[in-house]
Amino acid sequence: MRRVLVAGAWALAFCVSGCSVAGTSLPIGPPDPQTVALQASDLPSGLHACPGSGSIDSYLQQIRSKDPDSYSSVKDAWDEFQRSGADAAAITAYTEQSSACGGVLGAGQGKSAASFVIRYKDQSSAVAAYRKGILGFPNPASAQQTPGLTVGEATGFGPNSWVYNQTIQGRAAYIAFWEEKQFDILVFAADLDPGDATRAARAVDSRAR
């Protein structure tokens with residue numbers, strides 16, 4: 001699952017930004033990022049989980065020896081998220097062909113999708129972190145006019161959000177980044193039907209509420 005989020009999704013994101021007991025009530029904490037993250041049931045049949053999908057620790061352990069560069073990039077990002085108040089995270093990736101798990105997501109043959117869910121100690125921390133962008137890429141401006149780009153409330157994910165849904169050189173690309181309560185969430189899909197990609201992202205969002 002090398003460079004799943006660092007190179008694959010963000011090569012496209014860069015184009016977007018440059019071209020978010022009975023009768024007793026017991027307190028319930030925020031969901032675990034692994035339960036919020038993209039699940040196989042959110043996606044069309046035929047996509048299978050890549051090794052390492054799950055907690056951020058599981059993902060980092062999977063790529064540490066196989067792809068040191070990606071390990072360093074994701075580890076540095078996770079360290080920064082923690083300094084901003086993150087207390088848990090999960091990365092999940094699904095591909096149509098298992099060989100695509102070992103390279104840049106979206107660069108191999110077949111359909112693929114991934115999510116990066118970061119949970120913060122409170123919503124204000126999540127909002128502040130969202131505004132910084134993710135993995136070194138800034139969020140697009142609200143007034144930016146780019147084909148396929150939607151920013152803010154019109155995405156359906158609230159004011160702190162943007163969605164890029166476009167076909168590039170014959171390949172469908174979907175990227176969504178948004179803040180929902182204590183979570184910052186990234187969903188990326190390649191070669192999925194736009195409706196399927198949108199439904200998958202909304203399924204992730206529903207579990208963060």
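Residue numbers count from 1 along this sequence.
Evaluation of the salt bridge (Lys or Arg N to Asp or Glu O under 4.0 Å) rule for R131 yields no partner, not counting sequence neighbours. With sequence neighbours left out, the side chain to side chain donor-acceptor pair (under 3.5 Å) criterion links D79 to K75. With sequence neighbours left out, the ring-ring contact (aromatic ring centres under 6.0 Å, His included) criterion links Y120 to no other residue. Residues passing the side chain to side chain donor-acceptor pair (under 3.5 Å) test with T150, sequence neighbours excluded: none. Listed by chain and residue number, S99, Q109 satisfy the side chain to side chain contact (heavy atoms under 4.5 Å, CB included) test with Q97 (two or more places apart in sequence, or in another chain). Contacts of D57 classified as salt bridge (Lys or Arg N to Asp or Glu O under 4.0 Å), with partners at least two apart in sequence or in another chain: none. By the side chain to side chain donor-acceptor pair (under 3.5 Å) test, T198 pairs with no residue at all, sequence neighbours left out. Listed by chain and number, the residues in a salt bridge (Lys or Arg N to Asp or Glu O under 4.0 Å) with D87 are R119 (sequence neighbours excluded). Partners of P68 according to the side chain to side chain contact (heavy atoms under 4.5 Å, CB included) rule, which considers only residues two or more places apart in sequence or in another chain, do not exist here. Residues forming a salt bridge (Lys or Arg N to Asp or Glu O under 4.0 Å) with K181 (at least two apart in sequence, or on another chain): none.
Looking only at distances, no side-chain donor or acceptor of S112 sits under 3.5 Å from a matching main-chain atom of T95. Not one N or O on the side chain of Y174 forms a donor-acceptor pair closer than 3.5 Å with the backbone of A113. Under a 3.5 Å cut-off, the side chain of S125 and the backbone N or O of G85 do not form any donor-acceptor pair. Looking only at distances, no side-chain donor or acceptor of T167 sits under 3.5 Å from a matching main-chain atom of G170. When atom types are taken as modelled, the side chain of S161 and the backbone of G152 share a donor-acceptor pair closer than 3.5 angstrom.
Here the side chains of Q144 and L149 are in contact, with some heavy-atom distance below 4.5 Å. At a threshold of 4.5 Å between non-hydrogen side-chain atoms, the residues F116 and F81 count as touching. V163 places none of its side-chain heavy atoms less than 4.5 Å from the side chain of V151. Contact check for I91 versus S53: no side-chain heavy atoms found under the 4.5 Å cut-off. The shortest distance between side-chain heavy atoms of K132 and S84 falls below 4.5 Å. Side-chain contact between L186 and I175 is present, with heavy atoms from C-beta onward closer than 4.5 Å. At least one side-chain heavy atom of F183 sits under 4.5 Å from a side-chain heavy atom of P31. Residues E180 and R209 have side chains in contact (heavy-atom distance under 4.5 Å, counting atoms from C-beta outward).
Within the structure, side-chain hydrogen bond (donor to acceptor under 3.5 Å, both in side chains) contacts touching residues 31-47 (residues at least two apart or in different chains) are D42-R207. Here salt bridge (charged side-chain N to carboxylate O under 4.0 Å, His left out) pairs that include residues 195-204, with residues two or more places apart or in two chains, are D196-R199.
Salt-bridge formation is not detected for the pair D191/K111: no Lys NZ or Arg NE/NH1/NH2 atom is positioned less than 4.0 Å from an Asp or Glu carboxylate oxygen.
Note on V127 and I134: separate hydrophobic clusters, where clusters join Ile, Leu, Val, Met, Phe, Trp and Tyr whose side-chain heavy atoms are under 4.5 Å apart, directly or indirectly.
Between A201 and F157, the shortest heavy-atom distance links the atoms CB-CZ, 3.8 Å. Considering all non-hydrogen atoms of both residues, V36 and A208 come closest at CG1-CB, 3.9 Å. When all heavy atoms are compared, the tightest approach of F177 to D184 is CE1-CB, 4.1 Å. Nearest approach of L43 to A200, heavy atoms of both residues: CD2-CB, 3.9 Å. A37 and V117 make their closest contact through CA-CG2, 3.7 Å (heavy atoms, listed as atom of the first residue, atom of the second, distance). Summarising the geometry of P147 relative to Q166, their closest heavy-atom pair is CB-NE2, 3.3 Å, with the distance given to 0.1 Å.
Of the N and O atoms on the side chains of S72 and D69, not one donor lies less than 3.5 Å from an acceptor on the other residue.
Going from atom SG of C50 over to atom CD1 of I63 covers 12.0 Å, rounded to the nearest 0.5 Å. Rounding to the nearest 0.5 Å places CD of Q62 at 9.0 Å from SG of C101. Of the inter-residue distances, the one linking W78 atom CH2 with I118 atom CD1 reads 8.0 Å to the nearest 0.5 angstrom.
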Where do V74 and I56 land on the side chain to side chain contact (heavy atoms under 4.5 Å, CB included) test, with the steps shown first? CA-CA 9 Å; V74 178; I56 185 68; 4.0 Å; yes
